Amino acid sequence: MNIEEIIDAFEEKGLEVKVQTRMAGVKKKTERKTLWINVGRDRLKEIVEYMVEIADDFPHFSVISPADVGEEVEVNYHLSLGYGSYMGEVPITLKVTIPKKDLWVPTLTDIIPGTAFSEREIIEMMGIDVKGLEDKRHLFLTEDFPDGIYPWRRDETAPKKINKLYEGWKE
Amino acid sequence: MKYTIPIGPIHPALKEPIMISCTISGEEITDVDVIASQNHRGIEWIGMNRNNPIQTIYVAERICGICNFCHPACLAMAVEEITDMEVPERAQYIRVVQSELERIHSHLLWAGVAAHELGFDSLLHYTWKIREKVMDTLEIVNGNRVTKAIMMYGGVRRDIKDEHVPKIREMIKYYLDLFGEVAKLFLEDKTIKMRTRDIGILTREDAIKLEATGPTVRASGVKKDVRQDTSYYAYPDFDVKAMTPDILTGDVVGDTYDRIVVRLLEVKQSVEIIEQALDEMPSGEIISEEKIPKILATIKKSDGEAIGRHEAPRGEDIHYVKLKSGFDGLYTWKVRAPTYNNILAWMPMLMHHQIADIPIVAASIDPCMSCTNRAVVLDDNERIITAEDLHNLSIEKTKEMMK
Amino acid sequence: MFPMFGQLIKQLFHKPFTNKFPVKYTPNDVTALMEKVESGEVKINPPVELPESFRGKIVYDKEKCIGCKLCIRVCPAKAIDFKEEEKKIKIYVSRCIFCSQCNDVCPVNCLHMSNEFMLADVDRLSDNLIVE
Amino acid sequence: MTGEIFFRVVMGTIGIAFFALFLGLSYKGIDRKIAAHMQSRIGPPLRQPFWDVGKLLVKDNVVPENAVSWLFNLAPVVCLASSITLLLYIPIAGYEPLLHGHGDLILILYLLTIPALSMVVGGFASGSPYATVGAQREMVTMISYEFPLAVAIISVAWKMSDAFKGDIFTLSFISSHPIWGNVGLLGVAGLILILLALIIVLPAELSKIPFDVAEAETEIAGGLLVEYSGRNLAMFYLADGVKTFALTSLVVAIFFPYGISQFFGLGSIPSFIIDFLFFLLKIFLVMLFSVTLIRVGVARLRISQVVSTYWVAITLMALLGLVLLMWDSQVLTVRWW
């Protein structure tokens, strides 16, 4: 699956693909292309299943990284296709934009079990509810962490009581 | 009779802030649960709210105590992609040399720790004795044994001078001669084979489904290596191949023994990469923009998002960076360290094994929890003893002892 | 079958690899040892020799400093304070992480890293750990 | 008369006790020093074990609350006491042991199990899951190494009964009639096999790597001894030193009871000293090959592997030695000297 086939496969599905390129290497100058695709929340599961079909081995999932952009939250699913061949991997990021009022995303653990930890992290760090994930315990924060506070958010739910350990020591 | 054995935050087998609680009946493990919320240090929060991008490089460098080149490497790659900063050729080569030097020292450190987990302390002392060679080279090249402090947006901060090259060549010769002996000590030892062969098996299908990365997944036969798959820095010139156990032993089982094989092969590969890098090192300056305030300015007015992926010693390390013009610091910064995915692989590996296998299987993925936990937000209402009080207590104790 | 035995016998007859800095065995009483070292009775084994690019305790050349506060802006550990009245800086070595970023950013090159690494102290603000 | 014997035994025991503690700890120091140099380290000074015991005695003795406290405190005392009584029956430097009599070889076999049993009791009494797992493992290790140990010692005793009449089950009898003298060529091969079996059984009894699954430091955080501290741990530490000294002197008493003082033909005192020093050298050599070299050269085994190694490999070796011994006396007595 080289990059053109992957882009055509996504365009078939009626998705607009944005390609970012970056030069690398000195003697053998090769380009590194990353695909950025906006996907609706309801089509996410369908697209990931589609990726499992077209992948020659299995899509490589890296992590989910949520970004708080004022009124909405952009949830980026970082995946990639075509690893194993020389310079053949294409990193693909599915960007799901969800409004802050209705923060939920479908789980992907039934398709790719490896996403369990990332989903548990966005639940506790960003307050996004993942529908269908059975184990929703805290992953990195302690059990007695006050709920309602989401460390990565930039609005009123961001942590306020911060221990200024690094400032008050000089006296 | 069932009980749960906590291989917990404080345990000689796993000196990491993570807790594996295994329910055992007799000696056999029947259920494994991983509780990672022991020491989260807020690295991303610091990067997003408190620091400007230059300071964030040094916070990224301290995410992990051992692999501290891979995190700033990913961060710089992402920021350079957004701000479209040009990186001189010589800097790309120096970055390859630094990441391979780090891989050698990290893998040898792991080999010693694995030998200690097996109760084989003389192999620990032996491995860490030969590791001193790469530590001395790092100290000569970077001025400090572990924290390299060499990464800067748009290049590297220090050059590999001409008087450093003979020392690195001497190290290369030292390791190439020694590889046979180390492989013999690790792979042909009967007791190590008894303890690691067919133990902690991660089948190829589990490895792919649970998205393991690095040596853990390569030991199960999946040819996944970021240096081979994507082109970044000067890696396209090096034709890096993913190391799988069948190269040395001829077949792939995916157990702890194969992970030792893969890591030893990678040390040899890294030494060869450094040798090739030194031969073809282009000349030229090492950073595209000398003045730091100008770098800060270009980052401040740039906009966009990018991901930086690098093959850290423990697996694929990925940073997602989003910059917003006018915002001092990274608008959004997500760090995903390699161990983050490999923890999931513990469940299938540890099932139905004996307690004696927990330390070596847990150590076989080379867990680095400091990479995985990254935020501390202290809530000071019911904490009685704060770090400050502990510090004062320790001072009094030292004064008392010095009388 | 057991390759380690050969290696062990070989190592038994070689010199141990450990570097005997400061003394071969830990003393019962450290302060007594320190006095003996000052009085010259006990000679300390030298540490592993350091490369010239070693990043140890910071050295501040007060005259050349122009008070531009760039180093304060760039120091990741916030280890540098500004003294308004005399437009000079004050560095807390106990806070410093030895990254030498301030050396690079300083326009007049008045900050350098020395080779001194034995900085253990009881009081964080003792004069040995503050560079002015 | 009984008063005098009683006085001799009591004073003798106290003498043997201090003598055993001192030598046990100094041998531990030598063992650690040689192991360190093998691993190309400098290692602690030779007097380090004495410091360790001194330090442990100073530290406070913590008894966990959900432990059975009287059993918890009794276990180390029993362990140390039984290790010292072991020494009363073993001839030191070829001289009569303090207590000897009919069948003390079998008594030694049983006395060997008491220290291990007391550690098991201590482990169960301390109530921590690590200690319980450690205690289970100690019992399994005991079962596994008892078998080859018994086969080895009984076959030696049987060979003696074949050659001599008289009270052959006493250790002093065995050490006064060196076994190597009255066996044929096949017997020598058998004896070497039995000696090898005994050498490999020693690390398990002293719970040294590769068989220290009961006190595995990296798996169950010190296993049996995880809850012990202060005086109790010091007693276990001393018991381990005394047991090392006792077992190595047992092996020396059975297999190398030779003295070298008669070659120099000196007076009684110097020859006694030479004999004693030669005895200490023999102890050192046995300890070097059975404990130090093995514990540095191999990795720790799993409990299932410990059992399979002892029941299959080492027992077969001991039985083969026995067969060779039987073959030697019954069928072909090939004189080799």
Side-chain angles (χ1 to χ4, degrees), chain B residues 46 50-52 54-62 115 120 122-123 125-126 128-130 132 135-136 139-145 147-150 152 157-158 161 163-164 167 181 183-193 287 290-293 296 391 394-396 398-399 401-403, chain C residues 1-12 14 16-19 28-35 48-56 68-79 94 96-107 113-115 117 120-126:
Chain B
I46 294 172
R50 186 172 70 102
N51 276 6
N52 64 41
I54 300 291
Q55 293 170 328
T56 318
I57 285 186
Y58 296 98
V59 170
E61 195 175 65
R62 274 149 184 80
F120 204 167
S122 30
L123 200 53
H125 296 300
Y126 174 79
W128 282 20
K129 178 177 88 169
I130 57 174
E132 279 310 305
M135 300 310 277
D136 293 346
E139 188 165 24
I140 290 161
V141 172
N142 297 332
N144 194 329
R145 276 166 66 91
T147 38
K148 301 175 180 51
I150 194 160
M152 183 42 69
R157 288 180 50 206
R158 273 181 305 281
K161 301 191 183 67
E163 69 266 19
H164 295 161
K167 297 248 173 22
E181 191 181 294
K184 180 164 70 73
L185 286 179
F186 265 97
L187 304 178
E188 282 158 28
D189 187 294
K190 186 154 187 353
T191 42
I192 289 187
K193 260 198 196 133
I287 190 157
E290 282 297 331
K291 285 199 272 310
I292 310 277
L296 278 174
H391 186 65
S394 63
I395 290 181
E396 272 117 37
T398 346
K399 282 210 181 93
M401 277 160 60
M402 288 184 69
K403 262 198 260 347
Chain C
M1 175 87 131
F2 297 105
M4 199 57 191
F5 286 124
Q7 180 65 23
L8 290 172
I9 306 296
K10 207 163 53 181
Q11 281 177 195
L12 184 60
H14 286 178
F17 189 76
T18 354
N19 167 24
N28 284 357
D29 181 355
V30 179
T31 33
L33 175 77
M34 302 296 267
E35 275 120 26
V48 178
E49 38 88 18
L50 300 170
E52 33 71 36
S53 60
F54 183 75
R55 291 180 265 125
C68 64
K69 293 211 267 192
L70 264 180
C71 52
I72 296 170
R73 192 156 161 241
V74 133
C75 173
K78 295 189 179 357
S94 64
C96 166
I97 56 170
F98 306 106
C99 66
S100 82
Q101 183 64 44
C102 47
N103 300 9
D104 293 4
V105 82
C106 179
M113 289 297 200
S114 69
N115 264 4
F117 64 91
D121 205 317
V122 171
D123 170 15
R124 214 186 297 202
L125 305 170
S126 76

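Just the heavy atoms: all of them, side chains too, but no hydrogens, waters or symmetry mates, feed the values below. These numbers come from a predicted model, not from an experiment. Throughout, protein chains are lettered first and strands after them, A, B, ... in sequence-line order, and every chain is numbered starting at 1.
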Counting only heavy atoms closer than 4.5 Å, note whether [X] contacts chain C via side chain, backbone, both or neither.
X: Leu123(B); result: both
X: Asn144(B); result: both
X: Ile140(B); result: both
X: Lys148(B); result: backbone
X: Glu181(B); result: side chain

Task: Pairing residues for Glu132(B) by the side chain to side chain donor-acceptor pair (under 3.5 Å) criterion, not counting sequence neighbours - done: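 If we apply the side chain to side chain donor-acceptor pair (under 3.5 Å) test to Glu132(B), skipping adjacent residues, the hits are Arg145(B).
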Task: Reported CE-to-CD1 distance for the pair Met152(B) and Ile287(B), which is rounded to 0.5 angstrom - done: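 Rounded to the nearest 0.5 Å, the CE-CD1 separation comes to 6.0 Å.
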Open item on the list: Quick check for you: to the nearest 0.5 Å, what is the distance between Arg55(C) atom CZ and Asn115(C) atom CG?
Closed with: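 Here the rounded value is 12.0 Å.
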TODO: Tell me yes or no: between the side chains of Gln101(C) and Tyr58(B), is some donor less than 3.5 Å from an acceptor?
DONE: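 Looking only at side-chain atoms, Tyr58(B) and Gln101(C) do form a donor-acceptor pair, the distance falling under 3.5 Å.
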Using non-hydrogen atoms only, which part of [X] is less than 4.5 Å away from chain B: side chain, backbone, both, or neither?
X: Pro51(C); result: side chain
X: Val30(C); result: neither
X: Phe54(C); result: both
X: Ser100(C); result: both

Open item on the list: Walk me through whether Asn51(B) and Thr56(B) qualify under side-chain hydrogen bond (donor to acceptor under 3.5 Å, both in side chains).
Closed with: CA-CA 6 Å; Asn51(B) 276 6; Thr56(B) 318; 4.7 Å; no
Open item on the list: For the interface with chain C, which of Ala149(B), Pro293(B), Gly143(B) has the highest count of heavy-atom pairs at distances below 4.5 Å?
Closed with: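 Among the listed options, the one with the most contacts to chain C is Gly143(B).
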TODO: Name the member of Glu188(B), Lys129(B), His125(B), Glu61(B) that forms the most heavy-atom pairs with chain C at distances under 4.5 Å.
DONE: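 Option with the top pair count is Lys129(B).
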- [ ] Test side-chain contact (heavy atoms from CB on, under 4.5 Å) on Ser122(B) and Leu8(C) and set out the steps.
- [x] CA-CA 8 Å; Ser122(B) 30; Leu8(C) 290 172; 3.9 Å; yes
